[in-house]
S.K.: 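Questions regarding the structure given below will be posed in turn.
Model, not experiment: these values are computed from the prediction. Every chain is numbered from 1 and lettered A, B, ... according to where its sequence line falls, protein lines coming before strand lines.
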Number of protein chains: 2
Amino acid sequence: MIKDQKIPDATIERVALYLRPLEDLIKLGVHVISSDRLAEMCKVNPAQVRKDLSYFGGFGVRGVGYNIHDLIFEIKKILASDREWKLGIAGLDDMGMALLQHKNFFKRGYKFVAAFDSDPKKIGQRLPIGLTIQPIRKIKPMAQDLGIEIGVITTSPLQAQVVADMFFDAGIKAILNFSPIHIRRPDCCLVQNVDFSVTLDQLAYRLSKEV
Amino acid sequence: MIKDQKIPDATIERVALYLRPLEDLIKLGVHVISSDRLAEMCKVNPAQVRKDLSYFGGFGVRGVGYNIHDLIFEIKKILASDREWKLGIAGLDDMGMALLQHKNFFKRGYKFVAAFDSDPKKIGQRLPIGLTIQPIRKIKPMAQDLGIEIGVITTSPLQAQVVADMFFDAGIKAILNFSPIHIRRPDCCLVQNVDFSVTLDQLAYRLSKEV
DNA sequence: ACTTTATTGTGAAATATTGCACATGTATAA
DNA sequence: TTATACATGTGCAATATTTCACAATAAAGT
Ligand SMILES: NC(=O)c1ccc[n+]([C@@H]2O[C@H](COP(=O)([O-])OP(=O)(O)OC[C@H]3O[C@@H](n4cnc5c(N)ncnc54)[C@H](O)[C@@H]3O)[C@@H](O)[C@H]2O)c1
Ligand SMILES: NC(=O)c1ccc[n+]([C@@H]2O[C@H](COP(=O)([O-])OP(=O)(O)OC[C@H]3O[C@@H](n4cnc5c(N)ncnc54)[C@H](O)[C@@H]3O)[C@@H](O)[C@H]2O)c1
């Protein structure tokens with residue numbers, strides 16, 4: 001275990017990535033894996049895998065490898081994804097609905113417990129998942145009642161900051177933002193942006209550099 | 001201009017990010033911006049902004065700042081997003097449909113020119129955007145006819161590799177993958193993954209480290 | 001003209017991250 | 001037992017990235 005050290009963000013991202021192939025392997029009845037093999041599956045350097053994992057403690061066995069079951073357990077503990085997280089979502093058009101309906105989040109412990117929109121035509125609609133769309137003024141009371149921990153924003157970009165502020169005001173400390181704007185936030189709060197256009201721009205750049 | 005140097009991936013990502021506030025400013029009638037102000041808007045270090053931009057040439061004016069119009073033009077040229085890119089998409093359920101309908105991609109030059117699914121109930125469906133859902137065996141001929149450059153994958157994870165291979169086989173050199181698996185690819189091809197669960201895991205981790 | 005103020009562009013220092021290489025430990029087989 | 005093969009954990013060197021700090025330059029004011 002590397003003690004007292006700041007863990008690189010890149011490590012956190014990679015470690016989350018390791019989870020998927022590991023879960024697949026368990027399903028296939030494989031129980032042990034080497035850093036070499038895991039590295040190959042994730043297209044990273046084997047030493048990188050070992051170093052990433054060693055930040056959190058040495059759970060491998062020399063000459064053998066890592067017990068996959070334990071590894072999954074440890075990684076989830078590290079990421080704090082070994083528990084349930086309660087999500088609220090604002091903006092229930094195509095994108096919001098797709099996210100809400102998606103089963104993977106639920107499976108991984110990310111549970112939508114409330115849905116908000118500002119459109120009178122949407123408010124009151126009952127969703128397949130069992131929730132009813134609420135007006136945004138309910139954000140604060142419901143966030144507190146239900147213990148919402150993460151706010152997901154899929155409103156139009158113009159409204160995203162307003163909604164973010166309502167989430168923050170309701171005591172929510174983290175936002176996953178799908179709208180293409182930079183959200184201003186209090187120092188105590190976290191924002192993680194997902195912007196597909198930026199991802200496409202990166203692809204376009206890399207494509208154009210190819211021979 | 002910093003000559004002959006490898007441009008960090010992080011720079012490419014940030015530069016794509018700078019685009020949005022710049023476009024907003026133009027709309028507001030602002031024509032010049034300093035690295036300080038742009039940095040503040042994007043929550044990065046001002047020197048970082050200057051260095052990022054200087055990789056591509058010095059288009060600022062000392063004592064004045066950057067001409068926003070020129071900057072947008074230069075950034076788009078850098079990213080190769082100053083032209084149209086043709087996209088094909090496979091997997092037209094919630095996620096695929098949301099992407100297809102989304103107007104921002106179109107506005108930024110990313111145009112869906114074909115849509116594929118394997119579900120007989122979906123094949124033949126006419127989409128609002130003017131396309132008809134095609135069977136996946138049409139990927140190769142249509143990719144070549146229409147000149148598809150980027151393949152978007154929103155199929156179920158189990159089918160994602162198969163579809164990716166069909167894209168590669170059709171001569172498509174870049175894939176934007178939304179399914180939660182690691183796509184194997186030929187060396188000549190690019191894959192960019194988008195995995196919201198990983199993003200949520202990162203948020204969960206950071207939340208759990210807060211005081 | 002000169003001074004002041006603003007702001008870029010970039011070497012160089014400071015940090016951060018990655019990858020190598022090998023000592024160390026485990027398992028297996030002879 | 002001992003030898004052999006295998007694979008982790010990590011110090012350290014190699015790279016990469018970020019940030020500082022300041023000379024260079026432009027504009028505005030006096
Ligand atoms: N919906 C979300 O919010 C969300 C979020 C994150 C990731 N994803 C991922 O995006 C993908 C799509 O998710 P979804 O929610 O739209 O639902 P989904 O997985 O039900 O949809 C899959 C679609 O792909 C089609 N398909 C299956 N095999 C195919 C093949 N071989 N060729 C072409 N099409 C094929 C199916 O007919 C269906 O239309 C999944 O991999 C999912 O994990 C979805
Ligand atoms: N659809 C996509 O594929 C896609 C892709 C990338 C990004 N996005 C982004 O995700 C967001 C949502 O996109 P969309 O395609 O679902 O369509 P959209 O922008 O049409 O949907 C916006 C939804 O938010 C609701 N809304 C508006 N103001 C609100 C407020 N103040 N409070 C609560 N709800 C409010 C609207 O009623 C509507 O239901 C947008 O910011 C978009 O740029 C979407």
Side-chain angles (χ1 to χ4, degrees), chain A residues 1-18 22 25 30-72 74-75 78 202 205-206 209, chain B residues 1-18 22 25 30-72 74-75 78 202 205-206 209:
Chain A
M1 164 116 63
I2 298 170
K3 57 178 187 314
D4 219 33
Q5 214 173 321
K6 206 237 160 231
I7 296 164
D9 283 351
T11 291
I12 297 303
E13 190 169 338
R14 274 191 304 270
V15 163
L17 231 45
Y18 299 157
L22 292 174
L25 286 170
V30 183
H31 292 283
V32 173
I33 193 169
S34 67
S35 57
D36 266 45
R37 183 127 163 54
L38 181 55
E40 196 206 321
M41 290 197 297
C42 301
K43 282 255 180 176
V44 297
N45 181 295
Q48 183 85 82
V49 169
R50 295 198 295 277
K51 180 143 297 189
D52 283 343
L53 296 177
S54 78
Y55 279 110
F56 307 103
F59 18 80
V61 182
R62 288 165 196 233
V64 179
Y66 298 88
N67 178 294
I68 298 180
H69 221 278
D70 295 355
L71 200 49
I72 292 173
E74 292 294 343
I75 290 179
I78 292 160
Q202 276 170 277
Y205 172 79
R206 291 165 62 202
K209 296 293 128 191
Chain B
M1 163 117 63
I2 299 171
K3 55 175 191 312
D4 219 35
Q5 214 172 323
K6 206 233 160 236
I7 296 163
D9 284 351
T11 290
I12 298 303
E13 191 170 336
R14 274 191 304 270
V15 163
L17 232 44
Y18 299 156
L22 292 175
L25 286 171
V30 183
H31 291 284
V32 173
I33 193 169
S34 67
S35 57
D36 265 45
R37 182 125 163 58
L38 181 54
E40 196 206 323
M41 290 197 295
C42 300
K43 281 254 182 183
V44 296
N45 180 297
Q48 182 83 83
V49 170
R50 295 197 296 277
K51 180 141 293 192
D52 282 343
L53 296 176
S54 78
Y55 278 110
F56 307 102
F59 17 81
V61 181
R62 287 165 198 234
V64 180
Y66 299 87
N67 177 295
I68 298 180
H69 221 276
D70 295 354
L71 199 50
I72 291 173
E74 293 294 343
I75 290 178
I78 293 159
Q202 276 170 276
Y205 172 78
R206 291 165 61 201
K209 297 294 127 184

S.K.: Starting at atom CZ of B/Phe56, determine the distance to atom C1' of C/dT10, rounded to an integer number of angstrom.
M.R.: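 For the pair B/Phe56 CZ and C/dT10 C1', the rounded distance is 16 Å.
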S.K.: Send over the distance from B/Gln48 CD to C/dT10 C1', rounded to a whole Å.
M.R.: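 Result: 14 Å.
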S.K.: Within a strict 4.5 Å, meaning less than it, do heavy atoms of the B/Asp52 and B/Tyr18 side chains meet?
M.R.: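 A side-chain contact exists here, since the closest heavy-atom pair is under 4.5 Å.
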S.K.: Could you give the OH-to-C1' distance, from B/Tyr55 to C/dG11, as a whole number of Å?
M.R.: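 After rounding, the gap between these two atoms is 13 Å.
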S.K.: Measure CD/B/Glu13 against C1'/D/dT18 and give the value in whole Å, please.
M.R.: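 So the CD-C1' distance, B/Glu13 to D/dT18, works out to 15 Å.
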S.K.: In the 5'-to-3' direction, what one-character label does each nucleotide of nucleotides 22-30 of chain D receive under the scheme B = base within less than 4.0 Å of a protein heavy atom, S = sugar-phosphate only, - = no such atom?
M.R.: --BBSS---
S.K.: What distance do A/Asp70 atom CG and A/Phe59 atom CZ have between them, rounded to the nearest 0.5 Å?
M.R.: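 It comes to 9.0 Å.
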S.K.: Roughly how far apart are B/Ile12 CD1 and A/Arg206 CZ, rounded to 0.5 Å?
M.R.: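 Between B/Ile12 CD1 and A/Arg206 CZ, I get 10.5 Å after rounding to 0.5 Å.
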S.K.: Quick one, B/Leu22 and B/Ile75 - any side-chain contact, counting heavy atoms below 4.5 Å?
M.R.: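 B/Leu22 vs B/Ile75: side chains touch.
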S.K.: Can you tell me the distance, in whole Å, between the CG atom of A/Asn67 and the P atom of C/dT26?
M.R.: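 That distance rounds to 16 Å.
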S.K.: Please tell me which of the listed nucleotides, D/dC20, C/dT18, C/dG19, lies nearest to the side chain of B/Ala47?
M.R.: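 Among the listed nucleotides, the one closest to the side chain of B/Ala47 is D/dC20.
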S.K.: Whole Å only: how far is the OH atom of A/Tyr66 from the C1' atom of C/dT26?
M.R.: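 After rounding, the gap between these two atoms is 14 Å.
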S.K.: With rounding to the nearest 0.5 angstrom, report the CG to CZ distance, B/Asp36 to B/Arg50.
M.R.: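 Spacing of CG (B/Asp36) from CZ (B/Arg50) equals 6.5 Å.
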S.K.: Quick check on A/Arg37: does its CZ atom have over 12 non-hydrogen neighbours (other residues, nucleotides or ligands) under 6.0 Å away?
M.R.: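 At most 12 heavy atoms, drawn from other residues, nucleotides or ligands, come within 6.0 Å of this atom.
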S.K.: Toward the 5' end of DNA chain C, which comes first, B/Gly65 or A/Pro8, by nearest nucleotide?
M.R.: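 The residue whose closest nucleotide sits nearer the 5' end is B/Gly65.
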S.K.: Do B/Tyr205 and A/Ile7 make a side-chain contact, defined as non-hydrogen atoms from C-beta onward lying under 4.5 Å apart?
M.R.: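 Side chain of B/Tyr205 against side chain of A/Ile7, heavy atoms only: contact under 4.5 Å found.
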S.K.: Using whole Å, what does the distance between atom P of nucleotide D/dA16 and atom NZ of B/Lys51 come to?
M.R.: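 That distance rounds to 15 Å.
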S.K.: Can you measure from CD (A/Gln202) to CD (B/Glu13) and round to the nearest 0.5 angstrom?
M.R.: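 Answer for the CD-CD pair, A/Gln202 versus B/Glu13, is 4.5 Å.
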S.K.: Heavy-atom contacts under 4.0 Å between residues 34-44 of chain A and DNA chain D, which residues?
M.R.: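 Heavy-atom contacts with DNA chain D come from A/Ser34, A/Ser35.
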S.K.: Figure out the CD1/C1' separation between A/Ile33 and D/dT8, and round it to whole Å.
M.R.: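 Rounded to the whole Å, the gap is 14 Å.
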S.K.: So do A/Val15 and A/Phe56 actually touch side chain to side chain, heavy atoms under 4.5 Å?
M.R.: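 Side chain of A/Phe56 against side chain of A/Val15, heavy atoms only: contact under 4.5 Å found.
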